[in-house]
**Q** 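I have a structure here, written as structure tokens, and I will follow up with some questions on it.
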Amino acid sequence: MNEDPIQDLLRALADADAAAEAPPEIELRLTREFRSRKRTRTVRRLAWCASAAAVVLVFAATLHYRQRPPALAAPAAVEEVVTDFYPLVNPAPPFERGRLLRVEVPASAMRMVGLPVHAERLSDPVQADVLVGEEGLPRAIRFVKFETK
Amino acid sequence: MSDSDETLLARMLKGDEDAFTTLYRRRQGPVYRFALHMTRSVAVAEDVTQDVFLMLLESGRRFDSSRGTLLSFLYGIARNHILRRIEKDAREQPAEPAEIEDCIGSDGVVDPMNDLTRREAIETVRRAIVSLPPIYREVVVLCDLEDASYEDASAALDCPMGTVRSRLSRARAMLAAKLEKKARLVKKTARIAYE
């Protein structure tokens with residue numbers, strides 16, 4: 001026993017509580033939180049990548065359209081089918097005005113928003129509408145398919 | 001060989017869930033007991049433990065190994081939460097002022113171990129610790145109950161090591177005085193009961 005009774009009592013208290021631990025529910029809650037944060041980070045990273053990719057694509061498409069000679073004739077009896085808009089910025093800032101740009105992107109862009117694309121067709125060109133905000137940032141994208149009537 | 005806390009933290013920050021779990025299991029006990037001994041409240045100790053590790057998820061990148069160990073970083077976060085809680089509780093339920101100064105000057109030698117049963121003595125120490133002012137309480141809890149080094153305590157409490165030593169010495173003197181007073185009271189009560 002320690003010669004100092006106070007030290008001895010403190011040691012006894014430390015020993016008595018040595019096994020005291022937080023209940024398992026806290027670990028569960030924290031693990032859930034960890035997973036949720038990890039998901040959010042992944043989605044944000046994807047959104048950022050998609051956003052960056054869209055900026056590049058819009059720029060490239062703008063150049064392409066400027067250089068392209070006017071079309072000789074519009075395709076006859078073709079119907080446009082569009083998907084929903086997929087946000088490119090998460091969380092989406094308030095949107096008031098903007099413009100819609102028709103661009104051509106590789107099919108891999110569809111994968112970025114979670115749409116299924118066959119692995120062999122990832123580099124195929126697809127038409128897409130990019131919603132660009134007033135400040136010039138792409139906000140959302142939808143994909144266009146042409147179906148012959 | 002098991003990974004160091006710092007390695008686990010680095011892996012955790014890259015999204016490794018196993019690293020987070022290992023780190024949590026390794027360090028939740030000391031954090032929980034620190035809060036428990038500081039407040040004597042299981043509910044507060046649970047809240048603080050959860051908040052500390054949430055904060056680690058949120059701000060783990062702020063950890064700087066040149067300023068101390070990860071455990072002292074966790075103690076530091078816990079301390080901020082605990083002190084806020086103690087202040088809040090004190091505002092809502094003002095406590096009786098602790099009779100520290102009155103006790104310190106008492107003379108005579110009383111060995112509390114001889115006058116109280118061990119279990120009672122432990123409970124008495126627990127209560128006596130909580131009645132210390134927080135700046136003394138935290139050094140006793142960290143250095144005497146959790147065996148933290150002066151260096152770790154200094155990093156956790158954000159004060160020089162000399163201050164940790166002097167506060168610890170003062171805190172032990174306060175505790176001794178409180179326990180001595182309690183032992184005298186027990187003796188006196190027993191005498192009255194027999195007479």
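Quick note on labels: first sequence line is chain A, next is B, and so on, each numbered from 1. These figures come from a predicted structure and were not determined experimentally.
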**Q** When you compare the side chain of Leu9(A) with that of Leu175(B), does any pair of heavy atoms fall below 4.5 Å?
**A**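 Side chain of Leu175(B) against side chain of Leu9(A), heavy atoms only: no contact under 4.5 Å found.
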**Q** Do Leu88(A) and Leu115(A) belong together in a cluster built from hydrophobic side chains that touch within less than 4.5 Å?
**A**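 Both belong to a single hydrophobic cluster.
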**Q** Based on non-hydrogen pairs under 4.5 Å, which of Leu36(B), Asp144(B), Thr49(B) is most in contact with chain A?
**A**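 Most pairs with chain A among the choices: Asp144(B).
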**Q** Which bit of Val42(B) is near chain A, if near means a heavy-atom gap under 4.5 Å: side chain, backbone, both or neither?
**A**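 For Val42(B), there is no contact with chain A at all, as no heavy atom is under 4.5 Å.
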**Q** Supply the atom-to-atom distance Met174(B) CE to Ile6(A) CD1, rounded to the nearest 0.5 angstrom.
**A**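 Rounded to the nearest 0.5 Å, the CE-CD1 separation comes to 13.5 Å.
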**Q** Salt bridge or not between Glu21(A) and Arg33(B)? Use side-chain N to carboxylate O under 4.0 Å.
**A**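 No salt bridge links Glu21(A) with Arg33(B).
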**Q** For Arg121(A), I'd like to know if atom CZ has over 12 heavy atoms of other residues, nucleotides or ligands within 6.0 Å.
**A**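 No, not enclosed.
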**Q** Could you tell me which of Pro30(B), Gly15(B), Gly29(B) has the largest number of non-hydrogen atom pairs under 4.5 Å with chain A?
**A**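 Heavy-atom pair counts peak at Gly15(B).
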**Q** Hey, is CD on Glu6(B) packed in by over 12 heavy atoms from elsewhere, all under 6.0 Å?
**A**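 It does: Glu6(B) CD has more than 12 such atoms within range.
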**Q** Side-chain contact test, heavy atoms from C-beta onward, threshold under 4.5 Å: evaluate it for Glu58(B) versus Arg37(A) and give yes or no.
**A**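 Touching, per the 4.5 Å side-chain cut-off.
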**Q** Let's test your reading of the structure: which of Thr31(A), Leu13(A), Asp15(A) forms the most heavy-atom pairs below 4.5 Å with chain B?
**A**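 So the answer, after comparing Thr31(A), Leu13(A), Asp15(A), is Leu13(A).
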**Q** Would you mind telling me which of Glu27(A), Glu25(A), Arg11(A) has the largest number of heavy-atom pairs within less than 4.5 Å of chain B?
**A**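 Heavy-atom pair counts peak at Glu27(A).
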**Q** Any side-chain heavy atom of Tyr32(B) sitting closer than 4.5 Å to one from Ile26(A)?
**A**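 Not in contact.
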**Q** Using non-hydrogen atoms only, which part of Glu123(B) is less than 4.5 Å away from chain A: side chain, backbone, both, or neither?
**A**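 Contact with chain A is absent: no heavy atom of Glu123(B) under 4.5 Å.
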**Q** Between Asp17(A) and Arg126(B), does any NZ, NE, NH1 or NH2 come within less than 4.0 Å of an OD or OE carboxylate oxygen?
**A**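 The answer is yes: the pair qualifies as a salt bridge.
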**Q** Is there a continuous path of hydrophobic side-chain contacts, each under 4.5 Å between heavy atoms, that joins Phe63(B) to Met55(B)?
**A**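 Yes.
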**Q** Please classify the contact of Phe53(B) with chain A as side chain, backbone, both or neither, using a heavy-atom distance under 4.5 Å.
**A**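 Both parts, backbone and side chain.
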**Q** Within this structure, what is the CZ-CG distance for the pair Phe34(A) and Leu54(B), rounded to the nearest 0.5 Å?
**A**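 Going from the CZ atom of Phe34(A) to the CG atom of Leu54(B) covers 12.5 Å.
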**Q** Considering residues, nucleotides and ligands other than Glu120(A), do more than 12 of their heavy atoms fall under 6.0 Å from its CD?
**A**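 Atom CD in Glu120(A) is not packed in, count stays at 12 or less.
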**Q** Can you hop from Val44(B) to Met38(B) via hydrophobic side chains spaced under 4.5 Å?
**A**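 Yes, Val44(B) connects to Met38(B) through the hydrophobic network.
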**Q** Hey, are Lys38(A) and Asp16(B) close enough for a salt bridge, meaning a charged N less than 4.0 Å from a carboxylate O?
**A**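 No salt bridge links Lys38(A) with Asp16(B).
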**Q** Look at the side-chain heavy atoms of Ile, Leu, Val, Met, Phe, Trp and Tyr, link any pair under 4.5 Å apart, and say whether Tyr86(A) and Val117(A) land in one connected group.
**A**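 Linked, Tyr86(A) and Val117(A) end up in one cluster.
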**Q** Treat each ILVMFWY residue as a node, draw an edge where side-chain heavy atoms are under 4.5 Å apart, and state whether Leu13(B) and Val52(B) are in one component.
**A**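 Yes, it is one cluster - the side chains of Leu13(B) and Val52(B) are joined through contacts under 4.5 Å.
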**Q** Is Gln28(B) in contact with chain A via its backbone, its side chain, both, or neither, using a 4.5 Å heavy-atom distance?
**A**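 Only the side chain of Gln28(B) comes within 4.5 Å of chain A.
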